[in-house]
> 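Structure below; questions to follow.
So that the names make sense, note that chain A is the first sequence line, chain B the second, and so on, each numbered from 1.
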Amino acid sequence: MAYWLFKSEPETFSIDDLKNRPNQTEPWDGVRNYQARNFLRDQVQINDKVLFYHSNCKVPGIVGIAQVVKAGYPDSSAWDAKSPYFDAKSTKDKPRWYRVDVRFEKKFDRIIRLQEIKQNPVLQGMQIAKKGNRLSITPLTKAEWNEVIKVALR
DNA sequence: GCCAACGTTGGC
DNA sequence: GCCAACGTTGGC
C-alpha cells in the first residue's frame, strides 16, 4: 500500500465536495501534467491512502484523508468537448490522460498548514514543502503519513 | 494582485 | 534538439 498527496483548489473541488458526493466517491479527473499522469496511470493502486491538500487558497494545507477505490483508467473528460479539461489530442483509442477514483475517509478537525509542514522535521522533505513545487500528485513515505495523522490529532 | 518557478510550445 | 516565449500554478 502506498501513500500520496493529492492537491486541489478548494474553489474547484474541496474535501467538503468529496464528502457530499454520492457514495462520497469521485473520479479524480482533470490532471493534465505528464508526471502526475504517470503516477495515476502506473502507480496509484486501489486501497492506497491519500492526503487531501487545499492549494491556492487562504490557508493552504492538508485538510483530510481519502482512499483510492479504483486504480488508473482513462480520463474521459479529455474527450468531452464541453469539459474544461477537453484535450483534442486524447482519443478513446489512445487516451492521453488518466484518473483514479477516491473516496472520502475523514476531514481533520484542523488544517495542517503548509507553514506547519515546512517547520516539521519529519515533514519538511515532502514535495509540497519545496519551493516552486507544482506537481498535483506526489508520493509520500509511511513516516510522513504517520506524522501527518499524528499531528492532525493535536 | 504580484511574481517566481515551472511545464509546454513551436520556430529554427 | 535547443531555447525563447508564453501560459499556468500557487504561495504570499
> Would you kindly give the CE-to-P distance between A/M126 and C/dG10, to the nearest whole Å?
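About 14 Å, once rounded to whole Å.
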> Expressed in angstrom and rounded to an integer, what is the separation of A/N33 atom CG from B/dT9 atom P?
11 Å
> At less than 4.0 Å, is any side-chain N or O atom of A/K131 found next to OP1 or OP2 of C/dG11? Yes or no.
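False: A/K131 side-chain N/O out of range (4.0 Å or more) of C/dG11 OP1/OP2.
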> Keeping A/S8 on the side-chain end and A/P10 on the backbone end, is there a donor-acceptor pair under 3.5 Å?
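Checking the backbone N and O of A/P10 against the side chain of A/S8, no donor-acceptor pair under 3.5 Å is found.
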> Measure from the side-chain heavy atoms of A/L114 and tell me the nearest of C/dC12, B/dT8, B/dG7.
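In terms of side-chain proximity for A/L114, the closest of C/dC12, B/dT8, B/dG7 is C/dC12.
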> When you measure from the side chain of A/R99 to the backbone N and O of A/L40, does any donor-acceptor pair fall under 3.5 Å?
no
> Starting from C1' on B/dT8, measure out to CH2 on A/W97 and report it in whole angstrom.
10 Å
> At under 4.0 Å, does any side-chain N or O of A/Y53 touch on OP1 or OP2 of C/dG11?
yes
> In whole angstrom, what separates A/I111's CD1 from C/dG11's P?
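Whole-Å distance recorded here is 12 Å.
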> How many Å lie between NZ on A/K89 and C1' on B/dT8, as a whole number?
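Rounding to the nearest Å, NZ of A/K89 and C1' of B/dT8 are 10 Å apart.
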> Determine, for A/E147 against A/K142, whether the closest basic-nitrogen to carboxylate-oxygen distance falls under 4.0 angstrom.
no
> I need the CD-C1' distance between A/E116 and C/dC12, as an integer number of Å.
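Nearest whole value for this atom pair: 18 Å.
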> CD of A/E9 versus C1' of C/dT8: gap in Å, rounded?
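Nearest whole value for this atom pair: 10 Å.
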> If each of A/G132 and A/N56 is mapped to the nucleotide of DNA chain B with the nearest heavy atom, which maps nearer the 5' terminus, i.e. the 5' end?
A/N56
> Whole Å only: how far is the CZ atom of A/R32 from the P atom of C/dT8?
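Going from CZ in A/R32 over to P in C/dT8 covers 14 Å.
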> It should be established whether A/K118 places a side-chain nitrogen or oxygen under 4.0 Å from OP1 or OP2 of nucleotide C/dC12.
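Answer is yes, contact under 4.0 Å.
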> Establish, for the pair A/K70 and A/Y73, whether the NZ or CZ atom is under 6.0 angstrom from the six-membered ring centre and no further than 45 degrees off its axis.
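Yes - A/K70 lies over the ring of A/Y73, closer than 6.0 Å to its centre and within 45° of its axis.
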